[in-house]
Amino acid sequence: MPLSDSMPYEVKRAQEINHLFGPKGSENAYDFVLDLHNTTSNMGNCLIMKTSKDDFTIQMIHYMKNTLIHDNCQVLLLENPEVQYGAIRTVAKHSVGLEIGPQPQGVVKANILENMRKLVNSALDFAHFYNEGKEFPPCTLDVYRAFEKVDYPRDSEGQIIGIIHPQLQDNDWKQLKPGDPSFLTLGGKTIPYNGSSAVYPVFVNEAAYYEKESAFLLTEKITLKANSMKVSKT
């Protein structure tokens with residue numbers, strides 16, 4: 001689609017990014033992109049994958065987690081189309097998204113900035129070692145696979161009538177069992193989680209996701225495997 005002045009800014013910018021780093025799905029797309037974000041949710045250090053079938057990305061994140069073992073990095077897999085959204089990282093052949101929080105919008109916190117620097121440096125170290133021909137043995141990686149988006153309670157006109165329950169607020173990555181409180185209506189009524197099994201919510205009460213009708217994402221724990229990997233230098 002050609003660019004035009006009448007396009008919304010977001011659409012125009014997305015096309016510019018796709019042209020610059022892609023085109024998406026083509027041989028000319030960038031080999032790798034690090035996509036850096038902060039979040040208002042209590043996500044800590046979160047590494048995001050777009051597919052479970054990319055040995056390069058699994059190996060990179062495995063390396064990052066091992067080199068920053070004391071920084072408690074969690075891995076989120078956004079492979080299910082129901083929970084995917086547009087991002088620069090989806091344009092490149094391989095990518096890792098970084099979501100670090102909690103940090104309010106428009107605010108810079110020294111610890112969040114330092115954690116971001118550590119993660120970026122670790123990813124660049126891995127890329128350097130890979131390009132130099134270092135061999136990486138087979139590995140496994142524990143991840144949280146997102147499978148469903150949960151919206152806020154709404155009335156018949158689509159207006160939000162409930163907020164995140166205090167027992168769920170700031171408890172990203174922690175187990176949420178059927179019957180546990182999830183929302184609190186403006187009238188003071190507790191709404192429990194009504195799923196059939198325990199889950200692990202993430203991006204709880206993220207400010208940027210109100211417009212996406214997402215109070216939090218539901219995830220399940222799985223383990224990924226990657227084959228050994230070594231670049232062939234010619």
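Here the structure is a predicted model, which means the values were calculated and not measured.
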With a 4.5 Å heavy-atom cut-off, do L217 and L78 have their side chains touching? yes
When rounded to the nearest 0.5 angstrom, what distance separates CD1 in I61 from CD in Q74? 12.0 Å
Do T40 side-chain atoms and A207 backbone N/O form a donor-acceptor pair below 3.5 Å? yes
Starting at CD1 of I100, measure out to NZ of K109 and round the result to the nearest 0.5 Å. 11.5 Å
Would you say the side chain of Y152 lies within less than 4.5 Å of the side chain of I164, judging by non-hydrogen atoms? yes
Within one Ile-Leu-Val-Met-Phe-Trp-Tyr cluster: L168 and I161, side-chain cutoff 4.5 Å: no
Do D172 and Y200 get their side chains close enough for a donor-acceptor pair, meaning under 3.5 Å? no
Looking only at atom types and distance, does a side-chain atom of S182 sit under 3.5 Å from a main-chain N or O of I191, one as donor and one as acceptor? yes
CD of E148 to CG of N80, rounded to nearest 0.5 Å, is 9.5 Å
Selection residues 98-127 - residue pairs positive for ring-ring contact (aromatic ring centres under 6.0 Å, His included), sequence neighbours left out: F56-F126, Y63-F126, F126-F136
Donor-acceptor check, side chain of S41 to backbone of M43, threshold 3.5 angstrom: yes or no? no
Shared hydrophobic cluster for L176 and V143 (ILVMFWY, side-chain gaps under 4.5 Å): no
Do V150 and L76 share a hydrophobic cluster, counting only Ile, Leu, Val, Met, Phe, Trp and Tyr and linking them when any side-chain heavy atoms are less than 4.5 Å apart? no
Can you give me the closest heavy-atom contact between I58 and A226, atom names plus distance? CG2-CB, 3.6 Å
Can you find a heavy atom in the side chain of Y130 that is under 4.5 Å from one in the side chain of M60? no
Donor on one side chain, acceptor on other, D180 and Q167, under 3.5 Å: no
More than 12 heavy atoms of other groups within 6.0 Å of E135 CD: yes
Separation of S52 OG from I222 CD1 (nearest 0.5 Å): 6.0 Å
Go through the steps for R154 and I160 under the test side chain to side chain contact (heavy atoms under 4.5 Å, CB included), then give the verdict. CA-CA 4 Å; R154 297 178 184 270; I160 292 176; 3.5 Å; yes
Closest heavy-atom pair and its distance - V96, F32: N-CE1, 3.8 Å
Heavy-atom distance under 4.5 Å between the side chains of K221 and D142, does that happen here? no
Under 4.5 Å between side-chain heavy atoms, counting indirect links through other Ile/Leu/Val/Met/Phe/Trp/Tyr residues: same cluster for M229 and L124 or not? yes
What do you reckon, are the aromatic ring centroids of F183 and F216 less than 6.0 Å apart? yes
Checking the side chain of W173 only, and the main-chain atoms of V202 only, is there a donor and an acceptor separated by less than 3.5 Å? no
If you take all heavy atoms of V75 and K65, which pair is closest and at what distance? CG2-CD, 3.6 Å
Using atom types as modelled and distance alone, determine if a side-chain donor or acceptor of E79 lies under 3.5 Å from a backbone N or O of F147. no
Go through M49 and D54 one step at a time and tell me if the side chain to side chain contact (heavy atoms under 4.5 Å, CB included) criterion holds. CA-CA 9 Å; M49 306 174 59; D54 182 1; 5.8 Å; no
Can you tell me how far apart CD (Q169) and CD1 (I163) are? Round to the nearest 0.5 Å. 8.5 Å
Please give me the minimum heavy-atom distance between T57 and H94, naming the atom from each residue. OG1-CB, 4.0 Å
Is a side-chain N or O of E157 found less than 3.5 angstrom from the main chain of Q159, in a donor-acceptor match? no
Report yes if the side chains of V199 and Y193 come closer than 4.5 Å at any heavy-atom pair, otherwise no. yes
Any side-chain heavy atom of R145 sitting closer than 4.5 Å to one from T219? no
When you look at N171 and V204, which way does the side chain to side chain contact (heavy atoms under 4.5 Å, CB included) test go after all the steps? CA-CA 8 Å; N171 281 318; V204 176; over 6 Å; no
Rounded distance (nearest 0.5 Å) linking atom CD of Q59 with atom NZ of K134: 10.5 Å
Any heavy-atom pair between the side chains of K50 and D35 that's under 4.5 Å? no
Same hydrophobic cluster for L68 and F129, using side-chain heavy-atom links shorter than 4.5 Å among ILVMFWY? yes
Nearest heavy-atom pair of S196 and P178: which atoms, and what distance? C-CG, 3.9 Å
Give the C-alpha distance, both sets of side-chain angles, the deciding distance and a yes or no for side chain to side chain contact (heavy atoms under 4.5 Å, CB included) between T67 and D125. CA-CA 10 Å; T67 55; D125 285 344; over 6 Å; no
Compare all side-chain heavy atoms of P181 with those of P192 and state whether any distance is below 4.5 angstrom. no
Taking all non-hydrogen atoms of both residues into account, name the closest pair between L47 and C73 and its distance. CD1-CB, 4.3 Å
